[in-house]
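Scroll down for the structure; my scribbles are underneath it.
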Number of protein chains: 2
Amino acid sequence: MSASKDIESTRDAGPRDTRQRILTAAVELFRRRGYTGTGMKQIAEAAGAPFGSIYHFFPGGKAQLGEEVVRTSGVVYLDLVAGLMTPYEDRVAATADVFIAAADTLRELDFADPCPIATVAMEVANTNEQLRQATSEVFGNWIEEIAAYYAAGGIPEPAARETASSVIALLEGAFMLGRAARSTEPVLAASRAAAAIVRAAAAGE
Amino acid sequence: MSASKDIESTRDAGPRDTRQRILTAAVELFRRRGYTGTGMKQIAEAAGAPFGSIYHFFPGGKAQLGEEVVRTSGVVYLDLVAGLMTPYEDRVAATADVFIAAADTLRELDFADPCPIATVAMEVANTNEQLRQATSEVFGNWIEEIAAYYAAGGIPEPAARETASSVIALLEGAFMLGRAARSTEPVLAASRAAAAIVRAAAAGE
DNA sequence: GTCTATATCTTGATAGAC
DNA sequence: GTCTATCAAGATATAGAC
């Protein structure tokens with residue numbers, strides 16, 4: 001029996017970072033089923049963790065878990081998008097290519113939301129001030145980072161920030177339409193529109 | 001007591017269309033709290049209707065109610081946006097002004113979603129095929145209608161549809177950012193970006 | 001058709017054995 | 001720190017009196 005137990009504990013793997021597995025499972029579930037639509041028991045099961053472990057690692061309960069999901073995803077995505085864009089000299093081409101890559105991601109995820117915080121942001125905007133603030137800060141960080149990239153490319157400062165905001169809005173909205181239609185078309189169309197936005201801003205209107 | 005009852009039934013008003021009040025209450029709650037975040041009891045209470053009436057008028061339960069909310073809102077909004085745009089000769093100005101009006105609406109709603117189906121669309125895209133299809137059809141109708149408006153303004157057909165899709169995506173995404181930040185800024189910035197998108201399409205790229 | 005009471009299930013969360 | 005049992009409250013849905 002002790003041999004069987006050893007095999008079990010080896011097969012069930014992840015002996016170390018149960019906390020990380022819970023966080024990862026929550027990210028995956030939130031982007032498919034949303035925040036209110038995901039249960040704590042589902043998260044525990046998907047993480048292969050006992051139910052009680054969630055409250056051991058996240059004593060603040062679902063709200064704390066939700067906030068950590070939003071904030072950690074925010075950092076991961078900031079690095080990801082920044083990594084995709086910065087190598088480019090041409091800001092217009094960089095922006096368009098990010099949308100094309102996003103279309104591939106959308107399909108690979110079988111039309112789950114490529115943005116891990118969007119569905120949550122919509123759900124909590126009027127219902128949970130703590131989470132609303134977290135999503136707002138994450139969106140704000142994204143906008144700042146991309147605005148700096150556009151500014152470095154020669155777009156003057158008030159316009160750079162507005163352009164960044166609109167490009168992110170366009171991407172999020174295109175994800176929404178693409179998920180509803182189960183099609184990458186809206187994201188590919190948005191790629192050309194995003195190029196037009198950046199091009200206009202670079203031309204000083 | 002019968003006099004009192006008469007007063008009651010007069011004050012509680014809506015003696016006729018309980019069904020319509022339920023539908024209206026559901027629209028209001030869904031756009032603030034989402035689909036999974038709204039309970040049937042809350043809807044009944046907000047509608048001033050007895051709980052059982054929901055299942056009398058919507059025997060298909062929450063899914064049927066959700067679908068009717070999506071479809072009826074879709075028609076209402078199609079008429080609304082079309083009514084805002086069609087008087088204009090200049091497609092670029094018309095588009096920009098719709099966004100400015102939308103920013104006002106966002107604030108008037110205290111940052112509830114001006115689009116009554118967006119939050120629901122995000123929640124159900126991977127979890128409820130019936131509702132997902134309803135949201136997809138509504139978005140599709142909007143895109144068609146606006147595409148026809150752009151096409152009538154001189155934008156050739158494949159581009160007109162892509163432009164309409166991107167303008168709607170931009171609007172939805174701007175609502176998302178604006179709600180999260182509790183600010184109309186993202187929608188106002190998107191107004192200028194939307195103008196750039198339509199202008200580029202009208203210029204044949 | 002209106003309205004109440006209830007059945008059944010699931011939720012987030014806690015207690016406590018191990 | 002792992003895991004189970006359980007709680008109270010909420011959900012959707014139904015039955016049935018009026």
Side-chain angles (χ1 to χ4, degrees), chain A residues 1-2 4-23 25-26 29-30 33-69 120 123-124 127-128 130-131, chain B residues 1-2 4-23 25-26 29-30 33-69 120 123-124 127-128 130-131:
Chain A
M1 280 306 173
S2 75
S4 152
K5 188 172 180 295
D6 288 340
I7 292 172
E8 282 286 327
S9 60
T10 304
R11 180 176 60 75
D12 278 349
R16 239 349 45 73
D17 34 20
T18 300
R19 195 193 143 95
Q20 185 56 47
R21 291 207 319 279
I22 292 171
L23 215 47
L29 284 168
F30 284 173
R33 317 185 46 87
Y35 179 75
T36 52
T38 300
M40 296 290 263
K41 285 178 187 172
Q42 291 175 51
I43 295 171
E45 189 187 351
F51 181 69
S53 293
I54 294 192
Y55 288 91
H56 173 71
F57 290 110
F58 303 90
K62 196 180 187 183
Q64 181 189 349
L65 180 55
E67 183 170 346
E68 290 208 31
V69 163
V120 176
E123 291 179 273
V124 303
T127 57
N128 185 320
Q130 172 192 3
L131 281 177
Chain B
M1 282 305 171
S2 74
S4 153
K5 187 172 180 294
D6 287 340
I7 292 171
E8 282 286 327
S9 60
T10 303
R11 180 177 58 77
D12 277 350
R16 231 3 34 75
D17 35 18
T18 301
R19 194 194 143 95
Q20 185 57 48
R21 291 206 320 277
I22 291 172
L23 216 46
L29 284 167
F30 284 173
R33 318 186 43 87
Y35 179 74
T36 53
T38 301
M40 296 290 263
K41 286 179 186 171
Q42 291 175 50
I43 295 171
E45 188 186 351
F51 182 69
S53 292
I54 293 192
Y55 288 90
H56 173 72
F57 291 110
F58 303 90
K62 196 179 188 184
Q64 182 190 348
L65 179 55
E67 182 169 347
E68 290 208 31
V69 164
V120 176
E123 291 179 273
V124 304
T127 57
N128 186 320
Q130 172 191 2
L131 281 177

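Note that the structure is predicted; figures quoted are calculated from it, not measured. In what follows, chains carry the letters A, B, and so on, assigned in the order in which the sequence lines appear, proteins first and then strands, with residues in each chain numbered from 1.
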*Going from CZ on R33(B) to OG1 on T36(A), what distance comes out if it is rounded to the nearest 0.5 angstrom?*
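Here the interatomic distance stands at 9.0 Å.
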Tell me the interatomic distance from [X], atom [atom1], to [N], atom [atom2], rounded to whole angstroms.
| X | N | atom1 | atom2 | result |
| --- | --- | --- | --- | --- |
| I43(A) | dC3(D) | CD1 | P | 18 Å |
| F58(B) | dT14(D) | CZ | P | 16 Å |
| H56(B) | dA13(D) | NE2 | P | 17 Å |
| I54(A) | dG1(D) | CD1 | C1' | 15 Å |
| L65(A) | dT11(C) | CG | P | 15 Å |
| I22(B) | dA13(D) | CD1 | P | 14 Å |
| M40(B) | dC9(C) | CE | P | 18 Å |
| F57(B) | dG1(C) | CZ | P | 7 Å |

_I'd like to know whether L65(A) forms a side chain to side chain contact (heavy atoms under 4.5 Å, CB included) with M40(A), so could you lay out the CA-CA distance, the side-chain angles of the two residues, the decisive distance to 0.1 Å, and finally the verdict._
CA-CA 10 Å; L65(A) 180 55; M40(A) 296 290 263; 4.2 Å; yes
Phosphate oxygens OP1/OP2 of [N]: is one of them under 4.0 Å from a side-chain N or O of [X]?
| X | N | result |
| --- | --- | --- |
| Y55(B) | dT14(D) | no |
| Q42(A) | dT11(C) | yes |
| T18(A) | dT2(D) | yes |

Of the listed nucleotides ([options]), which one gets closest to any side-chain atom of [X]?
| X | options | result |
| --- | --- | --- |
| P50(A) | dG12(C), dT2(C), dT4(D) | dT4(D) |
| S53(A) | dA13(C), dG1(C), dT2(D) | dT2(D) |
| F51(B) | dT4(C), dT2(C), dT4(D) | dT4(C) |

What is the minimum heavy-atom distance between [X] and [Y], and which atoms define it?
| X | Y | value |
| --- | --- | --- |
| G66(B) | L131(B) | C-CD2, 3.5 Å |
| A63(B) | Q130(B) | CB-OE1, 3.7 Å |
| Q64(A) | F58(A) | OE1-C, 3.3 Å |

_Please compare P59(A) and K41(A) by the position of their nearest nucleotide in DNA chain C and report the one closer to 5'._
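On the 5' side of the pair lies K41(A).
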Have a look at [X] and say if it touches a base, only the backbone sugar-phosphate, or nothing, with a 4.0 Å heavy-atom cut-off.
| X | value |
| --- | --- |
| G52(A) | base |
| T36(B) | nothing |
| G61(A) | sugar-phosphate |

